[in-house]
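Worksheet: one structure, shown below.
Just so we're clear, the structure is a prediction, and the values are computed from it rather than from any experiment. Order of the sequence lines fixes the chain letters, A, B, ..., with proteins taken first and strands second; residue numbering starts at 1 for each chain.
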Amino acid sequence: MESLPGFRDFEPSTCAQRNALFHGWRTVAQRFGFEEFDGPIAEPLELFTQKSGEEIVNQLFAFEDKGGRKMALRPEMTPSLVRIFGKNLATLKKPTKLFNITEQFRYERPQKGRLRSFYQFNADIVGEASLSAEAELIALAAESLRYFGLTEEHFYVRLSDRQLWQLWLKAFGITDEALVGGILSLLDKWERRPKEDIEKDLAKLLPSSVQAKTFFDATEQLRHCKTLEAIKACFSQQATDAELSEALRQRLSEFGKLLHELSALGCEKFVAVDLTIVRGLAYYTGFVFELFETGNQGRALAGGGRYDQLFEKLTRHPMPAVGFAAGDVTLTDLLNKYHLLPEYKRKIDVFCVFEETERDRALRCSQMLRRENFSVLYPFGETKMLSKQLKKAYVEQPRYILIFTQELSSRGKVHVKCLANETTREVGSEEVVEVFRRERD
RNA sequence: GUGGUUGUAGCUCAAUUGGUCAGAGCAUCGGAUUGUGGUUCCGAGGGUUGCCGGUUCGAGUCCGGUCUACCACCCCA
């Protein structure tokens with residue numbers, strides 16, 4: 001029987017790779033002082049529909065329990081985070097820096113870089129309105145990739161700002177919230193669809209005062225801006241009133257500060273201003289970013305941004321927050337591509353082989369060594385010839401082989417073979433543990 | 001959810017136009033080797049060719065359906 005579509009089996013070698021990812025993520029998050037938390041793997045369905053709307057249900061593993069409760073496997077961690085920490089926001093330390101490594105589930109068609117069950121590294125800063133939070137999260141995202149040996153040759157951060165986009169639309173007189181959302185979602189698929197289709201959709205959305213063609217060309221120009229100066233120049237081509245100019249000046253100043261802080265954090269090599277990133281869902285309120293392989297092959301390695309209104313929406317209490325998530329599927333693909341995931345090999349310290357009469361003695365010794373934190377194997381079942389046992393022992397490549405024979409026991413000795421230098425020592429039976437303790441140091 | 005490609009042993013792959021085609025290597029287990037050394041040699045197990053149906057004297061091979069995987073859409077929290 002096979003696993004369900006989009007679900008994976010983790011045999012020892014792939015499980016070890018997965019755990020290596022988890023270890024790296026956890027290590028780096030702790031370096032930044034983020035605290036690990038976790039929540040239930042399933043939540044009330046309502047938690048997800050409140051945040052994302054009813055349409056989300058057909059993308060969820062949603063079902064009813066035997067008590068008729070509507071529930072769903074978690075497709076992301078942010079709603080749980082808001083639920084858990086929204087309970088006592090008033091007493092929450094600010095800022096609170098949180099991370100977790102969770103299995104998540106989305107009912108979608110599996111394809112490259114996307115499965116139905118996957119793991120994500122989530123990091124969030126709650127209770128910090130300043131851009132220092134964005135800077136630190138982007139730095140954390142970059143460091144979590146650097147940890148595995150990836151450099152600016154392999155990946156980069158595309159940094160954008162939904163507030164700039166709102167200002168841009170405002171310059172065209174577009175302020176209606178639903179309309180802004182519609183155009184932002186159009187921006188999200190801008191380069192994946194033919195120009196004519198985009199213009200057609202724009203013509204339907206835009207107020208009659210704005211020509212689709214004009215808007216498209218100007219927006220196309222803004223999308224390609226690589227610097228803040230270019231963005232400023234782009235805006236200045238539009239007729240903007242004093243209020244808008246001042247708002248733009250302030251926002252560009254914030255953007256500049258963020259870039260500056262990222263430089264101080266040693267991330268200038270990784271970060272590119274890139275307004276083509278807007279991110280699909282509407283709850284992002286400010287800076288947004290996505291990490292990609294250089295050349296933009298494949299899906300995003302990580303993505304996130306500021307969501308200052310989500311707490312209020314779900315708990316009625318306002319609370320600024322920024323977060324990102326990085327998935328294991330795209331990262332594993334990338335690391336495999338550059339051979340940055342080591343081959344897994346079980347590490348055994350000691351393999352015991354013994355003559356039939358010495359079995360109990362060998363097992364006693366094995367257990368003493370295990371209690372001293374050494375990994376120890378010995379053959380199971382019917383005792384075979386020493387030569388056969390040794391064959392098995394060598395396959396495991398232990399650091400040492402312990403040999404127990406009747407003849408050695410009669411003299412109170414065992415043999416300790418060191419595979420590294422092919423030497424054999426004769427050691428007193430009672431000293432074995434002490435000898436290994438010394439070896440360890 | 002829509003379209004395209006695909007499927008042979010645990011893994012990687014063979015099998016002429018439909019006709020001894022169900023095979024090899026790796027891996028696993030056993031023996032050679034009745035007591036201190038891996039690499040050698042020999043052998044064994046393991047597949048209703050994804051599943052269901054159809055065409056045919058005969059299907060791994062052709063046709064239809066279905067499922068999986070992959071790719072492109074939709075979506076991407």
Integer angstrom distance from the [atom1] of [N] to that of [M]:
| N | M | atom1 | answer |
| --- | --- | --- | --- |
| B:rU55 | B:rU20 | C1' | 23 Å |
| B:rA27 | B:rC63 | P | 38 Å |
| B:rC41 | B:rC62 | P | 38 Å |
| B:rU12 | B:rG18 | C1' | 27 Å |
| B:rU56 | B:rU61 | P | 16 Å |

Quick one: [X] [atom1] to [N] [atom2], roughly how many Å, whole number?
| X | N | atom1 | atom2 | result |
| --- | --- | --- | --- | --- |
| A:E422 | B:rG38 | CD | C1' | 9 Å |
| A:E396 | B:rU28 | CD | C1' | 14 Å |
| A:K391 | B:rU28 | NZ | C1' | 15 Å |
| A:K384 | B:rU36 | NZ | C1' | 17 Å |
| A:L402 | B:rG37 | CG | C1' | 15 Å |
| A:M385 | B:rG38 | CE | P | 12 Å |
| A:F7 | B:rA69 | CZ | P | 11 Å |
| A:K388 | B:rG38 | NZ | P | 11 Å |

- Message: With no hydrogens and no angle check, just 3.5 Å: does a side-chain donor-acceptor pair link A:N296 and A:Y156?
- Response: yes
- Query: Is there a donor-acceptor contact under 3.5 Å linking the side chains of A:Q17 and A:T332?
  - Reply: no
Taking 4.0 angstrom as the limit, do [X] and [Y] come out as a salt bridge?
| X | Y | value |
| --- | --- | --- |
| A:E431 | A:R425 | no |
| A:E196 | A:K200 | no |
| A:D197 | A:K189 | no |

- Task: Please confirm whether any donor atom in the side chain of A:E356 sits under 3.5 Å from an acceptor in the base of B:rG35, or the reverse.
- Result: no
- Is there a side-chain polar atom (N or O) of A:K392 under 4.0 Å from OP1 or OP2 of B:rU28? no
May I ask you to say what [X] touches in the nucleic acid, namely base, sugar-phosphate or nothing, with a heavy-atom cut-off under 4.0 Å?
| X | answer |
| --- | --- |
| A:Y307 | nothing |
| A:L390 | sugar-phosphate |
| A:L408 | base |
| A:G304 | nothing |

- Query: How does protein reach along nucleotides 71-77 of chain B, written 5' to 3' as B (base within reach of a heavy atom under 4.0 Å), S (only sugar-phosphate), or - (no contact)?
  - Reply: S-BBBBB
- Message: Can you classify the ring geometry of A:W190 versus A:F216 as parallel (below 30°), tilted (30 to 60°) or perpendicular (above 60°)?
- Response: parallel
- Task: May I ask you to decide if the ring planes of A:W168 and A:W165 are parallel, tilted or perpendicular, using 30° and 60° as cut-offs?
- Result: perpendicular
- More than 12 heavy atoms of other groups within 6.0 Å of A:R192 CZ: yes
- Looking only at heavy atoms, which two atoms of A:L301 and A:F292 are closest? And how far apart? CD1-C, 3.8 Å
- Provide the closest heavy-atom pair for A:Q389 versus A:F354 in the form atom of the first, atom of the second, distance. NE2-O, 2.8 Å
- Name the stems that RNA chain B belongs to, where each is three or more consecutive Watson-Crick or G-U pairs with both distances under 3.5 Å? B:1-5 with B:69-73, B:10-13 with B:23-26, B:28-32 with B:40-44, B:50-54 with B:62-66
